[in-house]
Amino acid sequence: YGQVVAAALVADGALDVPHLARRIADRLASFKRPRRVAVVESIPKTPGGKPDRAGAARRLAKELQPWE
């Protein structure tokens with residue numbers, strides 16, 4: 001419905017993108033796979049400590065890059 005699946009990744013070292021893409025492809029249906037990705041230092045959280053999905057979408061929109 002016009003929305004694109006995206007993911008925010010927290011990497012503590014080098015990120016092996018091809019390996020990660022293969023693992024995701026093995027586990028998720030194609031329509032569930034991220035089309036865009038942002039590598040971030042931390043996941044935005046709500047004041048209650050839960051992941052802030054709506055806030056993350058707004059804040060990370062400029063950092064999203066196409067995913068393979």
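Heads up: numbering here begins at 1 and tracks the sequence.
- Contact annotation: the side chain of Val40 approaches that of Val10 to within less than 4.5 Å [non-hydrogen atoms, C-beta and beyond].
- Note on Leu9 and Leu64: separate hydrophobic clusters, where clusters join Ile, Leu, Val, Met, Phe, Trp and Tyr whose side-chain heavy atoms are under 4.5 Å apart, directly or indirectly.
- Leu60 and Val5 are assigned to two separate hydrophobic clusters, defined by single-linkage of ILVMFWY side chains at heavy-atom distances under 4.5 Å.
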Steps toward side-chain contact (heavy atoms from CB on, under 4.5 Å) verdict (Leu15, Val39): CA-CA 9 Å; Leu15 187 61; Val39 179; 3.8 Å; yes

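- Judged by distance alone, with hydrogens and angles left aside, the side-chain atoms of Arg33 form a donor-acceptor pair with the main-chain N or O of Leu28 at under 3.5 Å.
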Let me check something: any side-chain donor-acceptor pairs from residues 43-57 under 3.5 Å, sequence neighbours excluded? List them with distances.
| residue | atom | partner | partner atom | Å |
| --- | --- | --- | --- | --- |
| Thr46 | OG1 | Gly48 | N | 3.3 |
| Thr46 | OG1 | Lys50 | N | 3.3 |
| Thr46 | OG1 | Lys50 | O | 3.4 |
| Asp52 | OD1 | Gly55 | N | 3.0 |
| Asp52 | OD2 | Arg59 | NH2 | 2.8 |

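- In terms of heavy-atom proximity, Arg35 sits nearest to Val4 at CB-CG1, 3.4 Å.
- When all heavy atoms of Pro34 and Ile24 are compared, the closest pair comes out as CD-CG2, 4.0 Å.
- Residues Leu20 and Pro18 fail the side-chain proximity criterion, which asks for heavy atoms closer than 4.5 Å.
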